[in-house]
Amino acid sequence: MSTEIRTRFAPSPTGFLHIGGVRTALYNYLFAEKHKGKFILRIEDTDRSRSESRYSRAIMEGLRWLGLDWSEGPFYQSERGQIYEKAIRKLSEEGKAYRCFCSPKELAARGREAESRGEPPGYDGRCRELSSSESGRLEKEGRGYAWRIRTPESGAISFDDIIKGNITVDAATIQDFVLVKSDGGPAYNFACAADDSDMRITHVIRGDDHISNTPKQLLIYRALGENPPRYAHLPQVHGTDGKRLSKRTGAASLDEFREEGYLPGALRNFLALLGWSTSDAQQIFAPDELKEKFDLSGVGRSPGVFDMEKLRWINGKYIRETSPAELARLAAPWLLRAGILKSPEDIPERIIEALALEKEKFSTLSEVPEKIGFLLRDDVAYDPKAVSKRLEKDGVIDILTDIQNLLRETEDFSRENLEDIFRSYVEKKQLGAGKVFHPVRVAVSGQMKGPGLFELLEFIGRDKSVERIGYALKEYVK
RNA sequence: GGCGGCAUCGUCUAGCCUGGCCUAGGACACAGCCCUCUCAAGGCUGCGACACGGGUUCAAAUCCCGUUGCCGCUACCA
């Protein structure tokens with residue numbers, strides 16, 4: 001019988017969800033899904049002064065938006081005190097942890113001293129061999145204390161990382177680090193290992209900035225007498241400048257991507273590819289295809305740079321595959337803000353039609369208003385460049401006049417029929433198609449770019465088209 | 001400083017474990033062409049990389065050693 005795969009995402013609520021963290025969450029989710037296991041959410045809020053519940057809420061909302069639904073949790077470390085107390089009691093009884101009465105101030109001072117002497121800073125082991133009577137006396141004096149682990153003085157600690165391979169560290173380089181802080185709360189490594197153990201996590205998938213923590217956590221597992229999970233350390237994600245991803249290099253928090261108008265599916269697709277790939281280098285994945293194909297063996301070892309251009313490309317691909325009606329629903333917040341849409345509940349058919357005409361031109365949802373605005377406004381904004389290039393030319397006056405007359409008489413204003421009319425006119429007059437199409441396009445829309453001419457005319461309608469050509473003739477054509 | 005990690009086109013990467021099929025493949029971006037009424041989309045072509053130096057071998061991107069560079073940890077932060 002194979003054991004259930006259990007992964008977890010363990011953010012600390014000290015800020016908004018960073019895009020690197022999102023990728024970590026995604027890999028954990030995908031790995032668990034692929035193996036029909038569980039994906040657990042654990043909020044690491046042991047830093048009482050920096051943790052805020054609004055961040056926890058934002059993190060969860062972000063994960064839900066991305067579709068990374070967790071199967072257990074959220075568990076808050078701040079509510080799991082009994083777990084850590086029980087563990088520390090066991091360790092203390094077995095002599096694997098001890099109380100340290102040195103205050104942070106003293107520690108810092110001794111650390112600086114050691115450094116000035118050219119020695120490595122860090123804990124000097126002063127309280128390690130305190131007798132129980134001394135220890136009791138110090139406690140009665142009312143001195144605060146922290147719990148430290150008794151670390152081995154020699155030997156090798158090694159583990160086989162799924163991504164990085166075998167990693168070995170000399171135990172002597174690991175100090176007696178703090179397990180429980182003097183405020184009674186667990187320190188990171190302790191809370192993490194105690195929880196991973198308690199939650200029966202089978203695979204710890206996290207950023208490789210945690211590699212140096214792993215031996216410490218292994219030591220805790222060993223002291224607890226538990227079997228450690230498998231570890232998979234993901235390479236970091238950097239910005240274009242090679243540093244940690246930040247606002248300066250584009251965007252850093254999930255919310256920013258959401259506000260820019262990236263689709264959750266596109267972001268998942270992009271993030272999955274940032275560090276992972278299939279051997280055939282597939283770029284675009286259908287819904288649910290990621291969780292089938294994802295595999296930790298396809299994760300690379302080297303850090304990656306967040307490529308905004310590629311994200312835009314993927315997002316555009318996803319937008320092109322979205323139906324106009326769905327797209328209208330998704331773009332509603334931006335349309336609303338631009339004043340193009342009045343109510344998100346009631347999306348006019350006309351907006352959906354406009355979207356259908358311009359769909360392949362958006363990279364993000366935030367670009368939608370500016371790109372369909374010219375189709376929907378009543379007054380045409382004539383682009384000066386378009387006017388000078390396509391209207392202020394010889395022969396335009398005759399062409400527009402002819403076309404205006406033809407359109408005025410046209411009952412069937414469908415794109416197909418319009419095309420027939422234009423084609424036969426062009427043929428009859430022995431003109432190049434562009435010679436006719438371009439001025440009409442500008443006269444009717446004010447722009448040089450846009451949908452195909454016949455779709456454009458059909459969309460605008462006969463009366464408006466005729467009227468606009470008349471206006472252009474009067475105002476712009478010489 | 002110590003310890004650990006990483007190193008293929010500008011970017012994401014395939015290949016590395018199990019040397020030869022690699023005159024190093026794909027994707028984004030960029031350039032050109034095609035399609036075409038414009039802009040896109042799409043198609044095609046091009047540009048473009050094994051960090052450096054030694055070794056092992058008939059043969060190295062792939063194995064070994066060293067150098068360099070970048071990153072992380074070295075907290076009673078997580």
Out of rC39(B), rC76(B), rA78(B), whichever nucleotide has its closest atom nearest the side chain of K449(A):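 From the listed options, rC39(B) comes nearest.
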K293(A) NZ/CZ over F285(A) ring centroid, <6.0 Å and within 45° of normal: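 Checked: cation-pi criterion not met.
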Base-pairing mate for rC35(B) - Watson-Crick or G-U, with both contacts under 3.5 Å: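 By the stated definition (distances under 3.5 Å), nothing pairs with rC35(B).
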Ring geometry between Y231(A) and H233(A) (parallel below 30°, tilted from 30 to 60°, perpendicular above 60°):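 Answer is parallel, since the angle falls under 30°.
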Watson-Crick or G-U wobble partner of rG53(B), both distances under 3.5 Å: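 The base-pairing partner of rG53(B), which may sit in any strand shown, is rC65(B).
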Position toward the 5' end of RNA chain B (nearest nucleotide), W276(A) or P104(A):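 That would be W276(A).
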Shortest side-chain distance from Q283(A), nucleotide among rG26(B), rC37(B), rA41(B):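 It is rG26(B).
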Candidates rC6(B), rA29(B), rA78(B) - which lies nearest the side chain of E309(A):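 Side chain of E309(A) sits closest to rA29(B).
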Aromatic ring proximity F270(A)/F306(A), centre distance under 6.0 Å: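 Judged by ring-centre distance (under 6.0 Å), F270(A) and F306(A) do meet the cut-off.
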Base paired to rG19(B) (Watson-Crick or G-U; both N/O distances under 3.5 angstrom):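 Pair assignment: rG19(B) / none.
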Sugar-phosphate only, base, or nothing, as touched by K105(A) at under 4.0 Å among non-hydrogen atoms: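 Touches nothing.
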R320(A) side chain near rG42(B) phosphate (N/O to OP1/OP2, under 4.0 Å):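 Yes, because at least one side-chain N or O of R320(A) sits under 4.0 Å from OP1 or OP2 of rG42(B).
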Watson-Crick/G-U partner (both atom distances under 3.5 Å) of rG48(B):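 The base-pairing partner of rG48(B), which may sit in any strand shown, does not exist here.
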Heavy-atom side-chain contact between L290(A) and W276(A) under 4.5 Å: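 Yes, their side chains come closer than 4.5 Å.
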Watson-Crick or G-U counterpart of rG4(B), or none if no pair lies under 3.5 Å: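 In the structure as shown, rG4(B) has rC71(B) as its Watson-Crick or wobble partner.
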Under-4.0 Å side-chain N/O to phosphate OP1/OP2 contact, K181(A) with rC77(B):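 K181(A) to rC77(B) OP1/OP2: side-chain N or O found under 4.0 Å.
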Under-4.0 Å side-chain N/O to phosphate OP1/OP2 contact, R206(A) with rA78(B):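 So the side-chain polar atoms of R206(A) never come under 4.0 Å of the phosphate oxygens OP1 or OP2 of rA78(B).
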